[in-house]
Amino acid sequence: MTSTERDAIARVAEAPMLDQVQHWAAINSGTGNLPGLARMAEALGAAFGALPGALELVRPEPAESMAANGVVNAIEHGRHLHLTVRPEAPVQMLFTGHMDTVYPADHPFQDQRFLDDNRLNGPGVADMKGGLAVLLAALNVVEASPPAERIGYEVVINSDEETGSLSSAKLLARAARGKVAALTYEPALPDGTLAGARGGSGNFSIVVKGRSAHAGRNPDEGRNAIVAASAIALRLIEAKSPALSVNPAKIDGGGPNNVVPDTAVLRVNFRPQSAEEIARASAHIEAAVRDVAASHEVKVSIHGGFNRPPKPIDPGAARLFDLVKAAGADLGLSIGWRATGGVCDGNNIAAAGVPVVDTMGVRGGAIHSAEEYLLVDSLAERAALSTLTILRIAEKGRP
Ligand SMILES: [Zn+2]
């Protein structure tokens, strides 16, 4: 390590990361809790506003959801934090995180407690308020280091990551443009292993409109929407392959036993591992819908799409991983990575052609459950890892 690096590493450990995590995790910021998200955005704005550059809270893009009765509703989202620092600097990076959690305002899991000296249990402490504290600590230290003038960056902290980033995907794609590398602050595994390749994900709501009739008097005049939706589900799972999982998850619709149901909504999730599988799945969905609409004499409309493209490890991403691994080795950390079926904003950033390591956050576990915990000693450790990674990218001009 250079003396600049050693100085920065020594300073980053002093950042008040645990206090910040506890402060931020005390604010409920479930994806649908707009007042909570507004308070969270304000708290993050105050903290990240200490960095140089222009900070704004960006209005969410319009997004829709499909109700159980087949009606499209607008979904409200919170504003996204967007910071732009030195856009004219020769080396440009992207840092992303999310301020939302999976716990709504009325969820029983709202409080924090220490399970032991090193494990803090609380909503969002690992996913990812801990990660946001790590990012802020690293950026503050980088700003105080001489290489800062070589590097510019954007920070995007969205409010809707946990529900698919529907209202922030365009902001992320714009912010990714022209960046040499991106770091995202999802939690690492408890042993520090990072996520490598990720499959993609697509969610669809397929609305079937049939015709209702009396189940006893004139059943043949009816066109049963639930039967047609089931037929579509059976057709869709035929698309399954080792590189594509297909999960028909739910069928909404129907009513009393003596009525032929005229409306059904089929929910289905696809997990493609490549762009080719997305194309194949898309063609399969269209064919299934066309055939069932014809044979069952129903009208079918398809809503949704592949909002998380697959994230393969290409040569650029492999170089970035190597740099993070080498930085870890200099800090006495052995950094491994492993493919995962989960998705996050790293998928969208990779789709923009930018190398990304998306688990630069804290070590922790049991995320998305009331057992979620943060390993407190990972705050300083991961902040050091980020600091060294960023300083070296600034120095080399690329990963
Ligand atoms: Zn997360």
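One-based numbering, in listed order, for ligands and for the atoms of each.
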Thinking salt bridges, do Glu186 and Arg363 make one under a 4.0 Å N-O criterion? no

Starting from the C-alpha separation in whole Å, work towards a yes-or-no answer on side-chain hydrogen bond (donor to acceptor under 3.5 Å, both in side chains) for Ser301 and Lys209. CA-CA 9 Å; Ser301 56; Lys209 290 284 184 190; over 6 Å; no

Residues at least two apart in sequence or cross-chain that pass ring-ring contact (aromatic ring centres under 6.0 Å, His included) with His214, listed by chain then number, are none

So, Glu161 and the Zn ion (ligand 1): N/O/S under 2.8 Å, yes or no? no

Which N/O/S atom belongs to Glu186 and is the closest one to the Zn ion (ligand 1)? OE1

The Zn ion (ligand 1) contact by Cys344, N, O or S atom under 2.8 Å: no

Got a list of side-chain donor-acceptor pairs under 3.5 Å for residues 316-333, not counting sequence neighbours?
{"residue": "Lys325", "atom": "NZ", "partner": "Ile335", "partner atom": "O", "Å": "3.3"}
{"residue": "Asp330", "atom": "OD2", "partner": "Arg392", "partner atom": "NH1", "Å": "2.9"}
{"residue": "Asp330", "atom": "OD2", "partner": "Arg392", "partner atom": "NH2", "Å": "2.8"}

Which N/O/S atom belongs to Asp127 and is the closest one to the Zn ion (ligand 1)? OD1

